[in-house]
Student: 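Dropping the structure in here first, questions after.
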Amino acid sequence: MQPIAILSAGILLASALSAQAQGAPNARRQPVVVELFTSQGCSSCPPANANLIALSRRPDVLALSFSVTYWDYLGWKDVFGKPQFTQRQVTYEPRLGQSGPFTPQMVVNGRESTIGYDLAEIETLVARNHRQDGPSISLGAGRIVIGAGTAGPEEADVWLVQYDPGIVEVPVRRGENTGRTLPHGHVVHELARLGSWNGRAATYAFPSGRDGFKTAILVQGRNGGPILAAATME
């Protein structure tokens with residue numbers, strides 16, 4: 001092959017690889033997932049809510065706020081609380097070495113847990129949990145494509161999360177936070193298991209989202225295991 005032909009072939013190959021990368025913008029995005037389990041009925045939770053809002057501004061973090069229901073009996077029912085969010089936290093605790101759920105709890109990549117007060121400590125956990133070896137995730141055209149990788153000893157779960165990307169102010173009229181207006185960021189409204197992933201490349205139907213919400217996909221070890229990969233889409 002002549003030098004000019006080799007150069008042309010190289011340019012064509014580079015263009016093809018660039019186009020492929022542009023066609024799957026979310027394919028290698030690996031944010032650290034920080035989940036806050038919180039409640040409007042918990043007087044200790046507002047500082048943790050503020051910390052999650054701060055984390056939500058970081059491009060390398062996927063911050064998600066799950067409102068639990070077990071403090072509703074104190075006089076104020078959390079307006080975002082759902083039993084399935086409580087169950088998600090309960091499922092985490094044995095693997096994290098906790099005797100039971102508590103608020104405010106932050107779980108980082110499904111691997112480590114801390115009380116949500118100390119932003120510096122949380123940022124240390126985030127730095128420790130950066131990783132780029134999870135499977136690729138591509139979102140768009142009505143489907144989710146998860147690339148090949150290592151699922152672990154069991155098949156992993158594929159979760160769809162829909163959350164409000166903004167900040168919502170909630171006035172609390174009863175309970176421990178009576179009279180306060182509490183800001184919430186990245187509030188989760190929907191959590192659905194789409195199926196399992198066994199390490200081989202797989203495609204899943206992409207359910208339509210709710211207007212104004214963002215969609216996140218989590219690939220996670222079974223029964224509250226580590227989060228292997230995550231991606232978001234408008």
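Excluded from the calculations below are hydrogen atoms, water molecules and symmetry mates; all remaining heavy atoms, backbone and side chain alike, are included.
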Student: Counting only heavy atoms not in Arg143 (residues, nucleotides, ligands), do more than 12 fall under 6.0 Å from its CZ?
Tutor: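 Atom CZ in Arg143 is not crowded, with 12 or fewer foreign heavy atoms closer than 6.0 Å.
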Student: Side chain of Gln30, backbone of Pro135: donor and acceptor closer than 3.5 Å?
Tutor: yes
Student: Would you say that Asp78 contacts Ser67 through its side chain, given a criterion of any heavy-atom pair below 4.5 Å between the two side chains?
Tutor: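 Asp78 reaches Ser67 side chain to side chain.
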Student: Between His184 and Glu169, does a side chain to side chain contact (heavy atoms under 4.5 Å, CB included) hold up when you go through it step by step?
Tutor: CA-CA 6 Å; His184 298 68; Glu169 303 275 352; over 6 Å; no
Student: Using the side chain to side chain contact (heavy atoms under 4.5 Å, CB included) rule, take Gln40 and Val79 through it: C-alpha gap first, then chi angles, then the decisive distance, then the call.
Tutor: CA-CA 8 Å; Gln40 293 156 11; Val79 298; 3.5 Å; yes
Student: Decide whether Leu194 and Ile137 are clustered together by the hydrophobic rule: side chain heavy atoms of Ile, Leu, Val, Met, Phe, Trp, Tyr closer than 4.5 Å, transitively.
Tutor: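 Yes; Ile137 is reachable from Leu194 via cluster members.
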Student: Spell out, as yes or no, whether a donor-acceptor pair under 3.5 Å connects the side chain of Asn129 to the backbone of Asn109.
Tutor: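 No; zero donor-acceptor contacts below 3.5 Å.
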Student: After noting the C-alpha distance and the side-chain angles of Leu182 and Val172, does the key distance pass the side chain to side chain contact (heavy atoms under 4.5 Å, CB included) rule?
Tutor: CA-CA 7 Å; Leu182 305 181; Val172 179; 3.8 Å; yes
Student: For Val158 and Trp197, which heavy atoms make the closest approach, and how far apart are they?
Tutor: CG2-CB, 3.9 Å
Student: Decide yes or no for Ser113 and Gln98: does some side-chain heavy atom of the first lie under 4.5 Å from some side-chain heavy atom of the second?
Tutor: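 Yes - at least one pair of side-chain heavy atoms lies under 4.5 Å apart.
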Student: Does any part of the side chain of Leu36, heavy atoms only, come nearer than 4.5 Å to the side chain of Pro104, both counted from C-beta?
Tutor: yes
Student: Could you tell me whether a side-chain N or O of Thr150 sits under 3.5 Å from a main-chain N or O of Gly152, the two making a donor and an acceptor?
Tutor: no
Student: Say you draw a straight line from OG1 of Thr215 to CD1 of Ile217; how long is it, rounded to the nearest 0.5 Å?
Tutor: 7.0 Å
Student: Checking Arg88 side chain against Pro83 main chain: does a donor-acceptor pair fall under 3.5 Å?
Tutor: no
Student: Any sub-3.5 Å donor-acceptor pair from Lys82's side-chain atoms to His189's backbone N or O?
Tutor: yes
Student: Looking at CG of Leu55 and CG of Leu119, how far apart are the two atoms once the value is rounded to the nearest 0.5 Å?
Tutor: 5.5 Å
Student: Using the salt bridge (Lys or Arg N to Asp or Glu O under 4.0 Å) criterion, which residues pair with Glu93? Sequence neighbours excluded.
Tutor: none
Student: Do you know which two heavy atoms are closest between His186 and Ala63, and how far apart they sit?
Tutor: ND1-O, 2.8 Å
Student: Give the minimum heavy-atom separation between Thr69 and Gly81, together with the two atoms involved.
Tutor: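 Minimum heavy-atom contact is CG2-C, 3.8 Å.
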Student: In a table with atom names and distances, give each donor-acceptor pair under 3.5 Å that connects a side chain of residues 199-207 to protein atoms at least two apart or in another chain.
Tutor:
residue, atom, partner, partner atom, Å
Tyr204, OH, Ser196, O, 2.7

Student: To the nearest 0.5 Å, what is the distance between CD (Gln89) and OG1 (Thr38)?
Tutor: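 It comes to 10.0 Å.
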Student: Tell me the closest heavy-atom pair linking Gly185 and Ser65, and the distance in Å.
Tutor: O-CB, 3.4 Å
Student: Of the non-hydrogen atoms in Ala151 and Leu228, which two are nearest, and what is the gap between them?
Tutor: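 Smallest heavy-atom distance, with atoms named: O-CD1, 3.9 Å.
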Student: Using a cut-off of 6.0 Å, state whether more than 12 heavy atoms not belonging to Arg222 lie near its atom CZ.
Tutor: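 Yes, because the 6.0 Å sphere around CZ of Arg222 holds more than 12 heavy atoms from other groups.
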Student: List, by chain and number, the other hydrophobic cluster members for Ile115, where Ile, Leu, Val, Met, Phe, Trp and Tyr join if side-chain heavy atoms come within less than 4.5 Å, directly or indirectly.
Tutor: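 Members alongside Ile115: Phe102, Tyr117.
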Student: More than 12 heavy atoms of other residues, nucleotides or ligands under 6.0 Å from NZ of Lys77: is that the case?
Tutor: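 No, because the 6.0 Å sphere around NZ of Lys77 holds 12 heavy atoms or fewer from other groups.
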Student: Apart from Leu64 itself, which Ile, Leu, Val, Met, Phe, Trp or Tyr residues share its cluster (side-chain heavy atoms under 4.5 Å, direct or through members)?
Tutor: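 Result for Leu64 is Val33, Phe37, Leu62, Phe66, Val68, Tyr70, Trp71, Tyr73, Leu74, Phe85, Tyr92, Leu96, Val107, Trp159, Val161, Tyr163, Val188, Leu191, Leu218, Ile227.
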Student: Measure the CD1-CE distance between Ile122 and Met106 for me, rounded to the nearest 0.5 Å.
Tutor: 4.0 Å
Student: For Asn177 and Cys42, which heavy atoms make the closest approach, and how far apart are they?
Tutor: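 Heavy atoms of Asn177 and Cys42 come nearest at ND2-O, 3.0 Å.
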Student: How long is the span from the CG atom in Asn51 to the SG atom in Cys45, to the nearest 0.5 Å?
Tutor: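 Between Asn51 CG and Cys45 SG, I get 11.5 Å after rounding to 0.5 Å.
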Student: For Arg128, which residues count as a salt bridge (Lys or Arg N to Asp or Glu O under 4.0 Å) partner, sequence neighbours excluded?
Tutor: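 With neighbours one apart ignored, the set is Glu112.
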Student: Do Asp157 side-chain atoms and Val219 backbone N/O form a donor-acceptor pair below 3.5 Å?
Tutor: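 Side chain of Asp157 to backbone of Val219: no pair is present.
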Student: Less than 4.5 Å apart, any side-chain heavy atom of Thr181 and any of Val170?
Tutor: no
Student: Sequence neighbours left out, what passes side chain to side chain donor-acceptor pair (under 3.5 Å) with Thr91? Give chain and number order.
Tutor: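 If we apply the side chain to side chain donor-acceptor pair (under 3.5 Å) test to Thr91, skipping adjacent residues, the hits are Gln87.
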